[in-house]
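The structure under discussion appears below in the form of structure tokens.
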Amino acid sequence: IIASDVEQVGEVLMPAVHAKTLSDCSVSADCNAVLCEPGNASDIVTALKWLVKEPAWREKFGHNAQAKVLSNYTWAHHVEQFLTRLEDCS
């Protein structure tokens with residue numbers, strides 16, 4: 001995932017790495033995405049080039065993002081959270 005680091009988008013995709021730090025090799029194995037400065041086309045180009053050159057990281061990011069979505073953002077997960085909050089109110 002390559003995304004603009006705007007409010008909730010950046011929060012949902014954490015942990016993530018910022019495009020400007022890719023050349024520093026400061027990528028963590030648990031990252032889900034590369035975040036770019038909003039409106040910065042150069043960041044997007046940097047992220048795309050890096051992911052093309054780094055297939056292992058591309059695969060790892062994809063795996064991490066999929067695992068996060070399946071454990072936090074499915075319909076079943078949302079229903080479970082809703083029911084828990086409803087029980088807490090009674």
H18 NE2 to D5 CG distance, which is reported to the nearest 0.5 Å
4.5 Å
Nearest-0.5 Å distance that lies between atom CG in L48 and atom CD1 in I2:
4.0 Å
Could you work out the complete set of other residues in the hydrophobic cluster of V52, with links drawn between I, L, V, M, F, W and Y side chains under 4.5 Å apart?
none
Identify, with sequence neighbours excluded, every residue that meets side-chain hydrogen bond (donor to acceptor under 3.5 Å, both in side chains) alongside D43.
K20
To the nearest 0.5 Å, tell me how far I44 CD1 sits from S4 OG.
7.0 Å
Can you see which heavy atom on A29 is nearest to which on W57, and at what distance?
CA-CZ3, 3.8 Å
With a cut-off of 6.0 Å (strictly less than), are more than 12 heavy atoms of other residues, nucleotides or ligands near CD of Q81?
yes
Approximate separation, where rounding is to 0.5 Å, of H63 NE2 and N32 CG:
10.5 Å
Side-chain heavy atoms under 4.5 Å apart, restricted to Ile/Leu/Val/Met/Phe/Trp/Tyr: what other residues fall into the cluster of V6, or is it alone?
I1, V9, L13, M14, L35
Any chain of hydrophobic side-chain contacts (each under 4.5 Å) joining L86 to W75?
yes
V45: which other cluster members, linking ILVMFWY side chains closer than 4.5 Å, directly or transitively?
none
Apply side-chain hydrogen bond (donor to acceptor under 3.5 Å, both in side chains) to D30 and list each qualifying residue two or more places apart in sequence or on a separate chain.
S28
Quick check for you: to the nearest 0.5 Å, what is the distance between F82 atom CZ and E87 atom CD?
11.0 Å
Quick check: do Q66 and L70 have side-chain heavy atoms less than 4.5 Å from each other?
yes
For residues 47-69, which residue pairs pass the salt bridge (charged side-chain N to carboxylate O under 4.0 Å, His left out) check, not counting sequence neighbours?
none
